[in-house]
Amino acid sequence: QVQLVESGGGLVQAGGSLRLSCAASGRSFSNYNMAWFRQAPGKEREFVAVISWSGGYTNYVDSVKGRFTISRDNAKNTVHLQMNSLKPEDTAVYYCAAEASMVVSRRAEVYDYWGQGTQVTVSS
């Protein structure tokens with residue numbers, strides 16, 4: 001069992017930056033692939049970024065490549081999403097998720113554990 005708590009969301013102007021954090025509690029955090037998803041009002045939940053259990057593999061949705069960076073610290077049971085050059089279309093609730101399969105996935109249905117989400121609002 002893994003419990004996930006996101007933090008770091010807020011209101012920022014376009015072009016600004018935010019750093020989201022996800023703190024995990026429970027056993028064997030280093031066994032889990034970790035991902036960030038987001039959901040804007042009236043839209044489906046969307047994959048944003050994923051990092052493998054070791055940190056050696058990352059993958060991003062095309063719309064955030066070059067602007068967002070996912071990282072993890074297995075000693076501190078945390079995963080981060082550094083978001084730079086934010087755009088109004090990045091406005092959403094951002095969710096941290098965890099799953100422990102051998103294959104790193106972008107599919108939300110694969111993830112077993114979810115946080116409550118943190119709101120990110122980018123003003124134009």
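Along the sequence shown, residues are numbered consecutively beginning with 1. Every heavy atom of this structure was used, including side-chain atoms; hydrogens, water molecules and symmetry mates were not.
In this structure, the side chains of Gln119 and Thr91 come closer than 4.5 Å at one or more pairs of heavy atoms. For the pair Asp90/Met83, no side-chain contact is recorded, criterion being any heavy-atom separation below 4.5 Å from C-beta on. Residues Arg38 and Val64 are in side-chain contact: their nearest non-hydrogen atoms beyond the backbone lie under 4.5 Å apart. No side-chain heavy atom of Asn59 sits less than 4.5 Å from a side-chain heavy atom of Val104.
When the side chain to side chain donor-acceptor pair (under 3.5 Å) test is applied to Thr58, no partner is found at least two apart in sequence or on another chain. A search for side chain to side chain donor-acceptor pair (under 3.5 Å) contacts involving Lys65 returns Asp62, not counting sequence neighbours. For Trp114, the ring pair (Phe, Tyr, Trp, His ring centres under 6.0 Å) partners at least two apart in sequence or on another chain are Phe37. Remark: Phe68 pairs with no residue by the ring pair (Phe, Tyr, Trp, His ring centres under 6.0 Å) rule, at least two apart or across chains. Residues meeting the side-chain contact (heavy atoms from CB on, under 4.5 Å) test with Ser30, sequence neighbours left out: Asn74.
A pairwise comparison of heavy atoms in Met34 and Cys22 identifies CE-SG, 4.3 Å as the closest pair. The shortest non-hydrogen separation linking Leu4 to Ala98 is CD1-N, 3.9 Å. Gly26 and Gln3 make their closest contact through N-OE1, 4.2 Å (heavy atoms, listed as atom of the first residue, atom of the second, distance). Here the shortest heavy-atom pairing between Ala24 and Phe29 reads CB-CD1, 3.4 Å. When every heavy atom of Ala40 is checked against every heavy atom of Ala92, the shortest pair comes out as N-CB, 3.8 Å.
Note on Val120 and Val5: separate hydrophobic clusters, where clusters join Ile, Leu, Val, Met, Phe, Trp and Tyr whose side-chain heavy atoms are under 4.5 Å apart, directly or indirectly.
Rounded to the nearest 0.5 Å, atoms CZ (Arg19) and CG (Asn84) are 11.0 Å apart. To the nearest 0.5 Å, the span separating NZ on Lys87 from OG on Ser63 amounts to 8.0 Å. Interatomic distance, Tyr32 OH to Asp112 CG, rounded to the nearest 0.5 Å: 7.5 Å. Here the OG-CG distance, from Ser123 to Leu11, works out to 5.0 Å after rounding to the nearest 0.5 Å. Distance check: Arg67 CZ to Ser17 OG gives 10.0 Å after rounding to the nearest 0.5 Å. Here the straight-line distance linking atom OH of Tyr94 with atom CG of Leu81 works out to 7.5 Å at 0.5 Å rounding.
Arg72 places a side-chain N or O within donor-acceptor distance of the main-chain N or O of Ser52, the cut-off being under 3.5 Å. Using modelled atom types, no side-chain atom of Glu6 and backbone atom of Thr118 make a donor-acceptor pair closer than 3.5 Å. Not a single donor-acceptor pair under 3.5 Å links the side chain of Tyr111 to the backbone N or O of Cys96. Between the side chain of Asn33 and the main chain of Trp53, a donor-acceptor pair closer than 3.5 Å is present. Without hydrogens or angle criteria, Tyr60 side chain to Ile70 main chain gives a donor-acceptor distance under 3.5 Å.
More than 12 heavy atoms of other shown residues, nucleotides or ligands fall within 6.0 angstrom of atom CD in Glu109.
Sorted by first then second residue, the disulfide bond (SG atoms under 2.5 Å apart) pairs that include residues 33-69, not counting sequence neighbours, number zero.
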